[in-house]
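Some notes on the structure that comes next.
The structure presented is a predicted model; accordingly, all values stated were derived computationally and were not measured.
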Amino acid sequence: MKKINKKEKFNIKEYFNRMIKLFRKYFSTNILFLTYVITSIVIGFLLRLLTLGTVSDFRALVCDFIMVIVLGSFGYLIKPKHQFKYFFVLSIIYTTACVINHIYYTFYMSFASVSLLSTLTFLGAVSDSVTTKLKLIYFIYILAPIIMLIVNKLLTKKNYYYEVGKDEKGKFMFRCTSLCGVVLAILITLTMKASDGSRLVKLWNRDYVVKRFGLYTYTVSDIVQSIQPAISPMFGYDKSAKMFRDFYSDKSKETKEANKYTNIFEGKNVIFIHMESMQNFLIDLKVNDIEITPNLNRISKEGMYFTKFYPQISVGTSSDSEFTLSTGILPSNSGTVFVNYYNRKYETIQNLFNNKGYYTFSMHANKGDYWNRRTMYKTLGYQDFYDKEYYDVPDEKSDMNWVGLGLSDKSFLNQVVPILTNIKSEHKNYMGTIITLSNHTPFDDVTKYGDLDFSITYDRNTGETDYNGKPIYEEVTVPYLENTEMGNYLKSAHYADEALGEFFENIINNNLDEDTVFILYGDHESKLGKKNLNLLYNYDLDTEDIKSEDDPTYISLDNYQYDLLRNTPLIIWTSDGELKGKIEDVMGMWDVLPTVSNMFNLDYTYALGNDIFSNKEKIVVFPNGNVLTNKVYYNNLKDEYISINSEPIDIDYIDRIKEYADERLEVSKGIIVYDLIKNERDNLKKVIKDEKDK
């Protein structure tokens, strides 16, 4: 082994000393930049922790670092005495993004999109539900610019900027810093999974992108996606159009199946009842021996009840449900169709009924411009929209006919009856949608919901015994669900159910049930979260807290169980009981158009769902890429799955349903973004004709 002489030892030591001096000099002359970098990365880390509850993916931290230093590197092109303004503005932007996304995630269980800025005008109608969910911790991100201000003040006092300005090489620092970011970005790209790039670009699963790449990278990708409607004719059209033609060419070869429900309701009227935030777990639920939804319970037994029906909403919530029910395709994951893509051509159930000579209409007691309904309804094909202007709406929120966000369901549905009577007298056939309002978050109008009390009084064992050795009990009252979000939601749902019961009584008394099919559906979940469900199912009376997981009566509510509880009721009801039963196959909102079309003899082409009574496999695809079948629930964020019936699942089956989902997500996107039904209809007809001629 070669011996190291004293001179070599000295050189090594000198080298390390030199490196230490360089690092010290860098840190001492880049305090402001480093403060900006560290605080920006920390708040990005906190956002993932406080929303997704996970920070295990180190890649997100690196991606945040890349975005922060690349954008920050331009600050070196500014004189040191003016750099603070630049870094402070960037810090404000990051902080604002974190605050907005945290609040938005709490409200919608998704991250915000730049394309949704146009929907901010709708927040006035739901401002109470937003402010109800605000918490002080959401503003922890403001510490970043505050720390920047403090550091800047200290540096100014020490004449830091003057000293640094003497010998700072701004262009050199810009090149080195930006190059560091670019090199790291290349390394990240080279180590990405094959599917990561697709997920980052398509943003089907926003949670996954933020978890994997951080908020700042997600925001850049979202900005690109958000301007896509304006530049869509320039990029990606040909690829999307080819997929559209190939998909529907293959679909046209499928043989249309008849079943025992084919044409069963041909020539009858149909009324859809859009039940705001009505979740399926409410059916047959009792609290303190009180039925929460007695009328829905009865209707579900008198009609056909689909127990595993799932809305397929994105960021457009109620409007997404309306869109998917109307078209049988998935909503946009970039903006909302009602606001951002209202001027496209869609095949809709409204127009299918229009073609059969039906009069089509919608009724809602909110403003017609909310969710851009007045405009979008013309696109869908409604002939008339009976919005807020058609009803007697009280001016004061204190009025008993004002519940939640506006006109109470009881008053609204009472006022609907004479309008329906007039419609019946003027039209042979009609198809309409009635949209309820009272059961809308934040469920805080408790004084008008009724006299339900969700506290529980019972005899509690004191742990002591009497002189005969018998245990001594004392009567105690525990709050249980009283004064909780879940308790308020149950009271709100109970009120909405009462209004529904009165409505059906009026419908029958006015003979509006004759030759009419009523289809009731919950538009989306209540968004109360696992904490509230745990309170409902796992409350311990003795401890007045949530049961321990070791308790044998504890009901597990992991992320998968929580997702599976997001379903809503779907009921098809006629007063003569022509259709009855309980359907326990999984079903999505996109299956409604094909199922109803089969029953009413409507001819459709573009719906991606299936008639629930066909022999095709039941598959529900969610806009975030999750997939549910009767066998399995696949989570796209985690790229893992659980078996529904505990039966072994072949990996080939998972690959097949993932491919099934990817294809339909792409086709939906093409129809919405590139207006493919309008632009490719003639081309598609030619492709189908050529296939038949072969």
Would you compute the distance between atom [atom1] of [X] and atom [atom2] of [Y] and round it to the nearest 0.5 angstrom?
X	Y	atom1	atom2	result
I92	F88	CD1	CZ	4.0 Å
I313	T336	CD1	OG1	12.5 Å
S178	I66	OG	CD1	12.5 Å
I41	Y216	CD1	OH	8.0 Å
L536	I546	CG	CD1	9.5 Å
K658	E663	NZ	CD	15.5 Å

If we only count heavy atoms from C-beta on, is the [X] to [Y] side-chain gap below 4.5 Å?
X	Y	value
T324	I329	no
N636	Y208	no
L90	L71	yes
M192	L187	no
Q83	Y161	no
D320	Q312	no
I672	V337	yes
T484	L481	yes

Side-chain donor or acceptor of [X] paired with backbone N/O of [Y] under 3.5 Å:
X	Y	answer
S73	V70	yes
S668	R664	yes
N626	N635	no
S314	S332	yes
D540	T543	yes
T191	I188	yes
T375	N372	no
N152	M148	no
S277	S526	no

Electrostatic pair [X]-[Y], nearest N-O below 4.0 angstrom:
X	Y	result
K638	D207	no
E485	K531	no
D64	R59	no

If we ignore angles and hydrogens, is there a donor and acceptor under 3.5 Å between the side chains of [X] and [Y]?
X	Y	value
H524	S318	yes
Y76	N30	yes
N439	S492	yes
Y36	Y86	no
T568	Q279	no
K547	N534	no

Between [X] and [Y], what is the ring plane arrangement, given parallel below 30°, perpendicular above 60°, and tilted in between?
X	Y	value
Y310	F622	perpendicular
Y674	Y237	perpendicular
Y480	Y539	tilted

If you take all heavy atoms of [X] and [Y], which pair is closest and at what distance?
X	Y	value
N488	F443	CB-O, 2.9 Å
I100	A112	CG2-CB, 4.1 Å
L437	E276	O-CG, 4.3 Å
Y94	V68	OH-CA, 3.9 Å
S240	G670	OG-CA, 3.2 Å
A661	V621	CB-CG1, 3.6 Å

Chi angles and distances behind the side-chain contact (heavy atoms from CB on, under 4.5 Å) call for T441, K527: CA-CA 8 Å; T441 183; K527 302 182 183 296; over 6 Å; no
Residue from Y634, Y633, Y560 passing side chain to side chain donor-acceptor pair (under 3.5 Å) with E640: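 Per the side chain to side chain donor-acceptor pair (under 3.5 Å) rule, the option paired with E640 is Y560, out of Y634, Y633, Y560.
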Close aromatic pair by centroid cut-off 6.0 Å: F323 and F338: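 Between F323 and F338, the centre distance exceeds or equals 6.0 Å.
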Centroid-centroid distance, F87 to F33, less than 6.0 Å: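 Between F33 and F87, which both carry aromatic rings, the centre distance is below 6.0 Å.
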Stepwise side-chain contact (heavy atoms from CB on, under 4.5 Å) check, R48 with L61: CA-CA 10 Å; R48 296 193 299 280; L61 204 64; 3.8 Å; yes
F65/S40 under side-chain contact (heavy atoms from CB on, under 4.5 Å): CA gap, chis, key distance, verdict: CA-CA 8 Å; F65 178 72; S40 301; over 6 Å; no
Partner of N101 under side chain to side chain contact (heavy atoms under 4.5 Å, CB included), chosen from T96, T51, L215: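 It is L215, the one option of T96, T51, L215 that forms the side chain to side chain contact (heavy atoms under 4.5 Å, CB included) with N101.
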Working for side-chain contact (heavy atoms from CB on, under 4.5 Å), residues I140 and L46: CA-CA 9 Å; I140 192 172; L46 286 174; 4.3 Å; yes
Lys NZ or Arg CZ of R344 over Y342 ring: under 6.0 Å, within 45°: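 Verdict for Y342: no cation-pi partner in R344.
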